[in-house]
There are 2 protein chains.
Amino acid sequence: MAGVTLRDIARKANVSVNTVSRALNDKPEVSQQTKERILTIARELGYTRNLVARGLATQQSHVIGVVVSDNVNPYFAEVIRGISFVAQAKQWTIFLVNTYLSRSTERAAIETLAQYRVGGLIVFPLDWDQIEEYRRYGLPMVVAGARVPEDKRPAPFDVVAPDDRNGAREAVEHLIRTGRRRIYYCGPHEDSLSGAPRWQSYVEVMEEAGLKPALLPVSDVSAFEGYRHGMAWPDLEKADAVFAFNDLIAFGLARALTERGVRIPDDIALIGYDDVEFARYTSPALTTVRIPKETLGQQAATLLFQRIEGDFRKPSVEKILPTQLIIRETA
Amino acid sequence: MAGVTLRDIARKANVSVNTVSRALNDKPEVSQQTKERILTIARELGYTRNLVARGLATQQSHVIGVVVSDNVNPYFAEVIRGISFVAQAKQWTIFLVNTYLSRSTERAAIETLAQYRVGGLIVFPLDWDQIEEYRRYGLPMVVAGARVPEDKRPAPFDVVAPDDRNGAREAVEHLIRTGRRRIYYCGPHEDSLSGAPRWQSYVEVMEEAGLKPALLPVSDVSAFEGYRHGMAWPDLEKADAVFAFNDLIAFGLARALTERGVRIPDDIALIGYDDVEFARYTSPALTTVRIPKETLGQQAATLLFQRIEGDFRKPSVEKILPTQLIIRETA
DNA sequence: AGAATTAATGGTATCGTTCACGGGAGTGAT
DNA sequence: ATCACTCCCGTGAACGATACCATTAATTCT
């Protein structure tokens, strides 16, 4: 049914396969007349062009691979939307793979993408060491969501990341400015690639203000983790604010705290991170640090296409996107 | 760098390309000795197998296409996770495409997937008429998220859908049972493929109870739409409950109502739909109808693989997944 | 008019695999 | 010693497209 090939069309139109190819690709070296004839025959036969074969012949792909830890996280979902837009504009397709926070899955995912000879990769990495091995595939790659560690500069690939140091700083400073003193951080800390900058900034600001940092460590960044910690938190009364790694955790925390009769923000103020679409619809609406997620996706994709379309040599860039403190009702 | 082919390995190992292929695919027709020799050479050369070429040669793909309207919607995100699991177990990859509610994008998306010769499709359709044209590609296809309309049975493809008729019925009955009388429905209605069953059930139950149905029509199914309607709603005091098409709308509505000083559930009760992961963490926690989203994804994928692996003939099945009313705090 | 250019097409190799054959070497049976 | 059979491996043809080079016919130039 869909097994129609150029040859079939060629036979029926009494021309060579070559001419058919030219006609279908709208190349100028075919007469208008035969072009039209071929096109109608193609339509009649129900021809669908075979991008696999073309990919093999041209040695290039119109697909980019995108690797995230979990597409259910609205942060990634929105970034993907950004990538989607610029890819769609270029007529490229997206191979989406979730790693579900497993390093081995990440490895396998990238391997698969390389095997499909994707034109390039956008990766939200789990850690930095592992990502360097992916250079072995020789694919254009943009790393997104995390800045290059000091000691690894310059990185051998482009990077797009939010300015987390500053974002976290503003958040914590805002808490202090509004009179909070016993501020906890809830999230992953130094070991985590994306957690580190926020945690470090938090510690910095706290110490500058002569305050003691305190950590509620989570094992993943879901709402459930936030909830779990909120419910299990023993010395709740010691806190008057929490800065959460992301909005999901903040939501979970908020729920737990309200269940336990803590008033937000009166007893405990709460600041999230990401500014997920949803943050403005909760009650109270979540104060949070906005990451321009769609922009991040777009920039990553744009950078990637620049590499794909030629500039292998150009030194790698690290693009830092400004964050913005969005003050709503929880702090 | 990644341009190493079977030929390169063959040359270096002094065997034929064929033998290399056999070795790398771990076929029995190669001696253990040469197999190992070839494998180490492959590793040395940094060989990465080319799945595009293989796909062309074997005439089969290890990719399925998944078409949803917006992966940012947590409903789809969770379904995709379900699909992901069974695909990953089978070593298949997913081509994810968003239609963003545009029928022409849906058409184009499917076309592209067909051009890549994916092994099969899982589609969350925008409407029913259009989906029938996709048969022309002759691909195994599972339609998910919406039941077959009465007049279109039997459908020429497998279908997996939640039992929306019953889900909506339970929700509205619960509202009535708890003393609500002026119950509004907020969502898309008959024109919408997924909206229709919920709306119809709602109307049915209302009329059975001698109540008048009332519609707050939305143009898309986002939280923002819910919010907008909540804020713009003139005769708010006429209502004592809302049954929302999905959780997102419910969230938006809830926010708007609280902003306007309406107490939930005291003044207005609220029931959502889907039971998005997030629903249990809002305050008040959302009463909603659970769709087994991951299961839905898994079933769709399983059904698809059954088709792919052989059974073209078997009559198409329509699998209906039970929903469950989850009573929390908003109703 | 002859040469040079251009337009439209065809032939053939190629991309990197897999697959259906075929064949030689070795083993065991008759 | 012949036959049958298994074990390994190579040859050559796909798969469906594109690309380079060649060819013919028509057109333009001098």
Side-chain angles (χ1 to χ4, degrees), chain A residues 1-39 41-42 45-63 112 114-119 137-139, chain B residues 1-39 41-42 45-63 112 114-119 137-139:
Chain A
M1 181 176 285
V4 187
T5 82
L6 289 195
R7 252 229 308 280
D8 301 328
I9 303 178
R11 254 198 286 276
K12 188 145 187 194
N14 252 325
V15 291
S16 75
V17 183
N18 207 335
T19 308
V20 178
S21 169
R22 283 190 274 246
L24 291 176
N25 290 322
D26 206 26
K27 296 242 169 113
E29 308 96 337
V30 202
S31 75
Q32 195 58 30
Q33 198 181 340
T34 55
K35 187 179 290 183
E36 278 163 15
R37 189 160 53 92
I38 290 175
L39 284 180
I41 293 185
L45 262 45
Y47 173 75
T48 311
R49 74 167 160 236
N50 188 328
L51 292 180
V52 178
R54 168 190 284 187
L56 184 60
T58 60
Q59 291 290 77
Q60 52 183 354
S61 132
H62 273 190
V63 182
T112 307
Q115 290 176 348
Y116 275 109
R117 297 293 189 271
V118 295
Y137 298 117
L139 288 173
Chain B
M1 178 177 287
V4 186
T5 79
L6 289 193
R7 251 228 310 279
D8 301 328
I9 303 178
R11 255 198 285 274
K12 189 146 188 195
N14 255 325
V15 291
S16 77
V17 181
N18 201 343
T19 308
V20 178
S21 169
R22 284 191 271 244
L24 291 176
N25 291 323
D26 205 26
K27 297 243 168 113
E29 309 95 339
V30 202
S31 73
Q32 194 60 28
Q33 196 180 343
T34 54
K35 188 179 287 185
E36 277 163 17
R37 191 159 53 91
I38 289 175
L39 284 181
I41 293 185
L45 261 44
Y47 172 75
T48 309
R49 73 168 160 232
N50 189 329
L51 292 181
V52 178
R54 168 189 286 187
L56 184 60
T58 61
Q59 291 289 76
Q60 52 181 354
S61 134
H62 274 188
V63 183
T112 307
Q115 290 176 350
Y116 276 108
R117 298 292 190 269
V118 295
Y137 298 115
L139 289 171

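Letters A, B, ... are given to chains in the order of the sequence lines, protein chains preceding strands, and every chain is numbered from 1.
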Inset, instruction - Could I get the full list of side chain to side chain donor-acceptor pair (under 3.5 Å) partners for A:R54, not counting sequence neighbours? - result: A:N25

Legend entry - d(NE2, A:H62; C1', D:dT18) in whole Å: 13 Å

Legend entry - Length of the line joining B:L56:CG and D:dC15:P, which is rounded to integer Å: 9 Å

Inset, instruction - Indicate, with a heavy-atom threshold strictly under 4.0 Å, whether A:V15 touches base, sugar-phosphate, or nothing. - result: sugar-phosphate

Inset, instruction - Please determine if a side-chain N or O atom of B:T34 lies less than 4.0 Å away from the OP1 or OP2 oxygen of D:dC9. - result: yes

Legend entry - Side-chain heavy atoms of A:K12 within contact of A:L45, under 4.5 Å: yes

Inset, instruction - For D:dC9, take OP1 and OP2 only and decide whether either is under 4.0 Å from a side-chain N or O of B:S16. - result: no

Inset, instruction - Nearest whole angstrom, please: distance from the P of D:dC15 to the CD of B:Q115. - result: 20 Å

Inset, instruction - Would you check, one step at a time, whether the test side-chain contact (heavy atoms from CB on, under 4.5 Å) holds for B:Y137 with A:T48? - result: CA-CA 8 Å; B:Y137 298 115; A:T48 311; 3.8 Å; yes

Legend entry - Integer-rounded Å distance: D:dG16 P and A:R11 CZ: 11 Å

Legend entry - B:Q59 vs D:dG16: side-chain N/O to OP1/OP2 distance below 4.0 Å: yes

Inset, instruction - Could you tell me the separation between the CD atom of A:E29 and the C1' atom of C:dG10, rounded to a whole number of Å? - result: 13 Å

Please list, pair by pair, any protein nitrogen or oxygen found under 3.5 Å from a nitrogen or oxygen in nucleotides 26-28 of chain D.
none

Inset, instruction - Name all residues meeting the side chain to side chain donor-acceptor pair (under 3.5 Å) criterion together with B:N14; count only those two or more places apart in sequence or in a different chain, and write none if there are none. - result: none

Legend entry - Between P of C:dA7 and NZ of A:K35, the distance in whole Å: 13 Å

Legend entry - Pairing residues for B:R11 by the salt bridge (Lys or Arg N to Asp or Glu O under 4.0 Å) criterion, not counting sequence neighbours: B:D8

Legend entry - Atom-to-atom span, CG of B:D8 to P of C:dC15 - whole angstrom: 10 Å

Inset, instruction - Would you kindly give the CD-to-C1' distance between A:Q33 and C:dA8, to the nearest whole Å? - result: 11 Å

Inset, instruction - Look only at the side chain of A:K27 and the backbone of A:T19, and say whether a donor-acceptor pair between them is shorter than 3.5 Å. - result: no

Legend entry - Those residues that, when tested against A:T5, pass side chain to side chain donor-acceptor pair (under 3.5 Å) (two or more places apart): none

Considering only nitrogen or oxygen atoms on both sides, find all protein atoms under 3.5 Å from nucleotides 17-19 of chain C and state each distance.
| unit_1 | atom_1 | unit_2 | atom_2 | d |
| --- | --- | --- | --- | --- |
| C:dT17 | OP1 | B:Y47 | OH | 2.4 |
| C:dT17 | OP1 | B:N50 | N | 3.4 |
| C:dT17 | OP2 | B:L6 | N | 2.8 |
| C:dT17 | O5' | B:Y47 | OH | 3.3 |
| C:dT18 | OP1 | B:N25 | ND2 | 3.1 |
| C:dT18 | OP1 | B:R54 | NE | 3.0 |
| C:dT18 | OP1 | B:R54 | NH2 | 3.2 |
| C:dT18 | OP2 | B:S21 | OG | 2.5 |
| C:dT18 | OP2 | B:N25 | ND2 | 3.4 |
| C:dC19 | OP2 | B:K27 | NZ | 3.3 |
| C:dC19 | N4 | B:N18 | ND2 | 3.0 |

Legend entry - Side-chain heavy atoms of B:R49 within contact of B:L24, under 4.5 Å: no

Inset, instruction - Under the side-chain contact (heavy atoms from CB on, under 4.5 Å) rule, what do B:I9 and B:V15 come out as? Steps first, then yes or no, please. - result: CA-CA 8 Å; B:I9 303 178; B:V15 291; over 6 Å; no

